[in-house]
Amino acid sequence: MKISVAMITFNEEKILRKTLESVKGLADEIIIVDSGSTDTTKDIAEEFGAKFYIESWKGYGPQRNLAIEKCENEWILNIDADEEISEELKKKIIEITSDINNKKEIFKINRLSVCFGKEIKHGGWGTSYAIRLFKKGSGKFNDNIVHEEFKANKEIFKIKENIYHHSYLTMEDYFNRFNRYTTEGAKDYYKKNKKVSILDIVVNPIYKFLKMYIFRLGFLDGIEGFVIASTSSMYSMIKYFKLREMYKNGSYLQKNNNSKNG
């Protein structure tokens, strides 16, 4: 069976070539939905023969669905621009999609995080399964702006071979994304009228740090493990503080709902 690779992008020139190289020999078609990149993302995509579409940013769930809808093949591998397919995973996907007797339609794949050039194996980052391979029409992503989920009323199977998730290349990249994700998360909560409590801003970050760094052995990943646990614990605090600001200024969401992301 033929495979379509579906992706969404926004200013991905630092990592996109590595990602597209990893799907050579696997993808019969590459669909990229971009939300207005200003770097060389489009040029790199076209080097690999990708079909490149520019769409205004609607949130991660809707944006992924746009890419899926444009796919023509029966099987879809929906990956992020910073996800590299391992050789072992490539062989496994070919095995699954080539089996004409296969009745399984949806697979979640383990994402092994690579931060600042180092594989992160503890702190809850070493095992993170996400739905990435499925047959077209078997389901779709919800409309969440962030933390989107693939929804389907069918059994989900597991592939243990890794996707290398190059989460953050540099600290600058980390904080750029940190700022973007916390803003998008706050917008999502604002739309859902979620309330803010002192626990969200003060207590939860402390608990998250202890859980990641101590109980989930993040300290075994060295200084990178400490940095990730520290900044991850701040994520919910900053997101809820931004949400608090939005409630104080109700026009914030309307003034910023055209921001570019990907």
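Position 1 is the first residue of the sequence, and the numbers go up from there.
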For Phe226 together with Tyr213, are the ring centres under 6.0 Å from each other?
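Ring centroids of Tyr213 and Phe226 are less than 6.0 Å from each other.
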Option from Asp28, Ile3, Ile31 for which side-chain contact (heavy atoms from CB on, under 4.5 Å) with Asn73 holds:
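Answer after filtering Asp28, Ile3, Ile31: Asp28.
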[X] side chain to [Y] side chain, donor-acceptor N/O pair below 3.5 angstrom:
| X | Y | answer |
| --- | --- | --- |
| Ser22 | Glu84 | no |
| Asn102 | Lys135 | no |
| His122 | Asp221 | yes |
| Ser56 | Lys58 | yes |
| Asn162 | Asn110 | yes |

Report, as yes or no, whether the 6.0 Å neighbourhood of atom [atom1] on [X] holds more than 12 heavy atoms from other residues, nucleotides or ligands.
| X | atom1 | result |
| --- | --- | --- |
| Lys121 | NZ | no |
| Phe48 | CZ | yes |
| Arg244 | CZ | no |

Determine, stepwise, if the pair Tyr168 / Phe175 fulfils ring-ring contact (aromatic ring centres under 6.0 Å, His included).
CA-CA 9 Å; Tyr168 307 104; Phe175 281 110; 9.1 Å; no
Can you see whether Phe157 has Lys108 sitting over its ring - NZ or CZ less than 6.0 Å from the centre and within 45° of the normal?
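Pair Lys108/Phe157 does not count as cation-pi.
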Where at least one partner belongs to residues 225-235, residue pairs that pass side-chain hydrogen bond (donor to acceptor under 3.5 Å, both in side chains), sequence neighbours excluded:
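As it turns out, the side-chain hydrogen bond (donor to acceptor under 3.5 Å, both in side chains) pairs with a partner in residues 225-235, which skip direct neighbours, are His147-Tyr235, Tyr174-Thr231.
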Between [X] and [Y] (side chain of the first, backbone of the second, donor and acceptor by atom type, cut-off under 3.5 Å), is there such a pair?
| X | Y | value |
| --- | --- | --- |
| Glu149 | Asn142 | no |
| Ser86 | Leu89 | yes |
| Lys70 | Phe52 | no |
| Thr9 | Glu12 | no |
| Asp34 | Ser37 | yes |
| Lys92 | Ile159 | no |
| Lys242 | Asn179 | yes |
| Glu184 | Tyr181 | no |

Kindly determine whether Lys42 and Ile32 satisfy side chain to side chain contact (heavy atoms under 4.5 Å, CB included), including the steps that lead there.
CA-CA 9 Å; Lys42 185 173 187 291; Ile32 294 180; over 6 Å; no
Verdict with supporting geometry, Glu74 and Lys136, salt bridge (Lys or Arg N to Asp or Glu O under 4.0 Å)
CA-CA 5 Å; Glu74 182 174 4; Lys136 188 170 185 178; over 6 Å; no
Should [X] and [Y] be counted in the same cluster of Ile, Leu, Val, Met, Phe, Trp and Tyr side chains packed under 4.5 Å apart?
| X | Y | answer |
| --- | --- | --- |
| Ile109 | Val5 | yes |
| Trp125 | Val114 | no |
| Tyr189 | Ile238 | yes |
| Ile54 | Tyr60 | no |
| Leu169 | Phe10 | no |

Identify the two heavy atoms, one from [X] and one from [Y], that lie closest to each other, and give their separation to 0.1 Å.
| X | Y | result |
| --- | --- | --- |
| Tyr247 | Lys194 | OH-O, 2.5 Å |
| Asn11 | Thr38 | OD1-N, 2.6 Å |
| Pro62 | Asn144 | CD-O, 3.8 Å |
| Trp75 | Ile96 | CH2-CG2, 4.2 Å |

Taking 4.0 angstrom as the limit, do [X] and [Y] come out as a salt bridge?
| X | Y | value |
| --- | --- | --- |
| Glu155 | Lys104 | no |
| Lys2 | Glu29 | no |
| Lys91 | Glu161 | no |
| Glu83 | Lys18 | no |
| Asp143 | Lys151 | no |
| Glu148 | Arg64 | yes |

Counting C-beta onward and ignoring hydrogens, is there a side-chain heavy-atom pair between [X] and [Y] closer than 4.5 Å?
| X | Y | result |
| --- | --- | --- |
| Leu133 | Asn78 | no |
| Arg132 | Asp80 | yes |
| Ser128 | Arg111 | yes |
| Cys115 | Ile228 | yes |

Are Glu47 and Arg17 close enough, and set up right, to give a salt bridge (Lys or Arg N to Asp or Glu O under 4.0 Å), and what steps lead you there?
CA-CA 9 Å; Glu47 283 179 27; Arg17 184 170 278 104; 2.9 Å; yes
Would Glu172 and Asn176 count as a side chain to side chain contact (heavy atoms under 4.5 Å, CB included) if you check the C-alpha gap in whole Å, the side-chain angles of each, and the deciding distance to 0.1 Å?
CA-CA 6 Å; Glu172 181 181 10; Asn176 284 340; 3.8 Å; yes
List the steps and the verdict of side-chain hydrogen bond (donor to acceptor under 3.5 Å, both in side chains) for Glu13 and Thr41.
CA-CA 5 Å; Glu13 65 180 6; Thr41 293; over 6 Å; no
For residues 201-212, which side-chain donor-acceptor pairs fall under 3.5 Å, sequence neighbours excluded?
unit_1 : atom_1 : unit_2 : atom_2 : d
Asn204 : ND2    : Asp200 : OD1    : 3.4

Take Ile163 and Leu112 through the side chain to side chain contact (heavy atoms under 4.5 Å, CB included) test and state the conclusion after the steps.
CA-CA 6 Å; Ile163 288 177; Leu112 180 60; over 6 Å; no
Assess whether side chain to side chain contact (heavy atoms under 4.5 Å, CB included) is satisfied between His166 and Tyr164, documenting all intermediate values.
CA-CA 6 Å; His166 296 273; Tyr164 295 113; 4.1 Å; yes
Would Glu105 and Ser138 satisfy side-chain hydrogen bond (donor to acceptor under 3.5 Å, both in side chains), going step by step from the backbone distance to the final call?
CA-CA 7 Å; Glu105 297 188 21; Ser138 62; 4.7 Å; no
Report the hydrophobic cluster partners of Ile68, with the cluster defined as I, L, V, M, F, W, Y residues connected by side-chain heavy atoms closer than 4.5 angstrom, directly or transitively.
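Cluster partners of Ile68: Ile76, Ile106, Ile131, Phe134, Phe141, Phe150, Ile156.
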From CA spacing to verdict: salt bridge (Lys or Arg N to Asp or Glu O under 4.0 Å), Glu21, Lys24
CA-CA 5 Å; Glu21 284 282 358; Lys24 276 186 174 180; 3.4 Å; yes
Apply side-chain hydrogen bond (donor to acceptor under 3.5 Å, both in side chains) to the pair His165 and Asp82, showing each step before the final yes or no.
CA-CA 6 Å; His165 180 209; Asp82 58 2; 3.3 Å; yes
